[in-house]
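Presented below is the structure to which this report refers.
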Number of protein chains: 2
Amino acid sequence: MKGATDQKLLQAKEEFVAQWGALGTQWGINRTMAQIHALLMTSPHPMCTDEVMESLAASRGNAHANLKELVNWGLVRMIVIKGDRRDFYEAEKDVWHIFTIIARERKRREIDPALAILNKCAEETKDLKGVEAIAFHNQMKQLEDFVSFASKMSDRVSSMRHGFAIQLASKILG
Amino acid sequence: MKGATDQKLLQAKEEFVAQWGALGTQWGINRTMAQIHALLMTSPHPMCTDEVMESLAASRGNAHANLKELVNWGLVRMIVIKGDRRDFYEAEKDVWHIFTIIARERKRREIDPALAILNKCAEETKDLKGVEAIAFHNQMKQLEDFVSFASKMSDRVSSMRHGFAIQLASKILG
DNA sequence: TCATGCTTTCATTATTTACCGAAAATTCGG
DNA sequence: CCGAATTTTCGGTAAATAATGAAAGCATGA
């Protein structure tokens with residue numbers, strides 16, 4: 001009975017890790033990074049590099065690079081265990097916190113650069129005359145305003161406490 | 001004087017197209033597709049395939065495939081001009097409409113599949129006993145709840161009229 | 001200060017993705 | 001039907017990205 005449970009759990013975990021990795025590629029995150037994140041999110045204990053390598057059949061270099069990146073993002077913490085020279089890693093498990101971290105990163109990669117471009121193009125054409133130039137400038141301005149608005153919304157929402165976000169959401173969904 | 005304006009406008013457009021293309025890669029959209037979209041968004045008239053090819057120095061196959069994909073997304077419309085056999089294309093220019101289209105597409109590619117995985121993994125482990133199994137199931141459930149919530153929010157917001165969205169936003173930002 | 005165990009780096013290789021360009025299919029006027 | 005003007009498809013190639021594995025770097029305790 002116990003064995004059957006273990007078996008099912010193991011299977012579900014494996015499925016989760018594999019699928020989450022595949023999903024990562026859709027999100028512009030590399031497969032290994034997403035897999036490691038999934039692995040650590042569902043691990044009851046912090047894992048060391050070799051454990052991660054073995055679980056995912058990944059090379060040392062790959063495991064290392066992606067663990068580092070996850071730590072960089074703040075999705076994973078490094079843990080030191082006294083009397084053990086290895087580095088251990090554990091994932092942030094709170095979904096709201098995970099969300100705010102990912103939102104911040106995506107904003108940095110996707111929204112901020114767009115804003116910079118739009119700003120520049122709007123600025124460079126703001127004094128030009130002629131219908132075409134004015135149409136172009138207006139289009140840039142509209143895009144800029146919208147993206148800037150999205151940027152502010154993103155900041156605002158990610159800095160909310162979970163409870164407040166839920167409260168707000170119920171207003172929107174309700 | 002007129003020449004200088006034309007020059008500046010042309011430069012700004014070129015910059016916009018090039019940079020928007022580069023940005024596209026960050027968004028998981030291929031460079032050419034993003035460039036064509038930028039080109040059409042800032043074109044005062046519908047363009048035919050050859051015009052697009054020439055503007056971007058892209059091959060026919062590439063231009064064709066990406067125009068098709070943009071039409072698929074709904075970001076670009078095909079235009080028929082009487083007495084001309086060529087297909088012409090023009091972009092959706094309203095920013096709110098563009099946003100809702102992109103949001104829908106990203107939801108389809110990023111949120112829906114995640115939900116499917118989480119659903120499956122939560123379902124498969126809901127009857128298991130043991131602390132580990134329960135912890136795993138809870139983690140899946142929390143993720144599922146959150147992603148499902150995000151999904152609903154996304155639907156709700158993208159189906160809003162622009163005016164209503166702004167009104168809502170002012171509540172959040174204000 | 002050497003040996004050991006672990007971390008980090010990096011040149012190479014593999015995989016994935018986008019792109020080209022020519023050939024095939026389609027459309028339409030004559 | 002034929003032929004010219006397009007659109008569409010597709011096999012091969014190039015570019016970008018990710019992964020490998022071996023070697024170098026660092027700490028630590030004997």
Side-chain angles (χ1 to χ4, degrees), chain A residues 17-40 46-73 76-90 105 109-110, chain B residues 17-40 46-73 76-90 105 109-110:
Chain A
V17 170
Q19 298 292 326
W20 202 251
L23 199 63
T25 64
Q26 296 290 326
W27 281 63
I29 289 166
N30 87 47
R31 190 198 274 16
T32 309
M33 182 168 159
Q35 283 181 333
I36 295 178
H37 184 226
L39 189 65
L40 292 176
M47 295 174 87
C48 67
T49 308
D50 290 73
E51 234 178 319
V52 170
M53 285 168 60
E54 196 187 359
S55 299
L56 302 178
S59 72
R60 183 171 301 283
N62 194 16
H64 174 75
N66 286 296
L67 280 166
K68 211 168 110 182
E69 187 68 2
L70 283 164
V71 170
N72 242 358
W73 280 40
V76 165
R77 277 180 295 275
M78 231 181 81
I79 300 278
V80 178
I81 293 181
K82 270 222 302 204
D84 196 326
R85 232 134 100 189
R86 293 170 296 178
D87 292 341
F88 283 79
Y89 300 91
E90 90 181 350
E105 184 64 23
R109 294 203 300 179
E110 300 180 357
Chain B
V17 171
Q19 297 293 323
W20 202 251
L23 199 64
T25 62
Q26 294 291 327
W27 281 63
I29 289 166
N30 87 46
R31 190 196 277 13
T32 309
M33 183 166 157
Q35 283 181 333
I36 296 177
H37 184 226
L39 189 65
L40 293 177
M47 296 172 86
C48 68
T49 308
D50 290 75
E51 235 178 319
V52 170
M53 284 169 60
E54 196 187 358
S55 298
L56 302 179
S59 73
R60 183 171 302 283
N62 194 16
H64 174 75
N66 286 295
L67 279 166
K68 213 169 110 181
E69 188 67 2
L70 282 163
V71 170
N72 241 358
W73 280 41
V76 164
R77 276 179 295 277
M78 234 181 81
I79 300 279
V80 179
I81 294 183
K82 269 221 303 203
D84 196 327
R85 226 136 100 189
R86 292 169 298 176
D87 292 341
F88 284 78
Y89 300 92
E90 87 181 353
E105 185 63 23
R109 294 204 300 178
E110 300 180 359

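All figures in this text were calculated on a predicted structure; none of them were measured in a lab. Just so it is clear: chains get the letters A, B, ... in the order the sequence lines come, proteins before strands, and each one is counted from 1.
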Looking only at side-chain atoms of A/R86, point me to the closest of C/dC19, D/dT20, C/dC6.
C/dC6
Result for 5'-nearest mapping on DNA chain C, choosing between A/D84 and A/T25, is A/D84
Starting at CZ of A/R85 and ending at C1' of D/dG25, how long is that distance when rounded to a whole Å?
13 Å
Closest to the A/N66 side chain: D/dT9, D/dA19, C/dC19?
D/dA19
Please pick, from C/dC20, C/dT8, C/dA18, the nucleotide with the shortest atom-to-atom distance to any side-chain atom of A/D87.
C/dT8
Nearest nucleotide by nearest heavy atom, which residue falls closer to the 5' end of DNA chain D, B/R60 or A/R60?
B/R60
Are any of A/H64's side-chain N or O atoms less than 4.0 Å away from OP1 or OP2 of C/dT8?
yes
Do any side-chain nitrogens or oxygens of A/T32 fall under 4.0 Å of OP1 or OP2 in D/dA18?
no
Pair B/R60, B/T49 - check side chain to side chain contact (heavy atoms under 4.5 Å, CB included), show working.
CA-CA 8 Å; B/R60 183 171 302 283; B/T49 308; 4.3 Å; yes
Among D/dT7, C/dC20, D/dA19, which nucleotide sits nearest the side chain of B/T49?
D/dT7
Rounding to an integer number of Å, can you tell me how far A/R31 CZ sits from D/dA19 P?
7 Å
Can you tell me if B/N30 touches the phosphate of C/dC19, counting only side-chain N or O atoms and a distance under 4.0 Å to OP1 or OP2?
yes
Does D/dT9 have OP1 or OP2 under 4.0 Å away from a side-chain N or O of B/K68?
yes
Kindly compute the distance separating CZ (B/F88) from CD1 (B/I81), expressed to the nearest 0.5 Å.
4.0 Å
Would you indicate which nucleotide in C/dC20, D/dT8, D/dA19 comes nearest to any side-chain atom of B/S59?
C/dC20
Any side-chain N or O of B/N62 below 4.0 angstrom from OP1/OP2 of C/dA18?
no
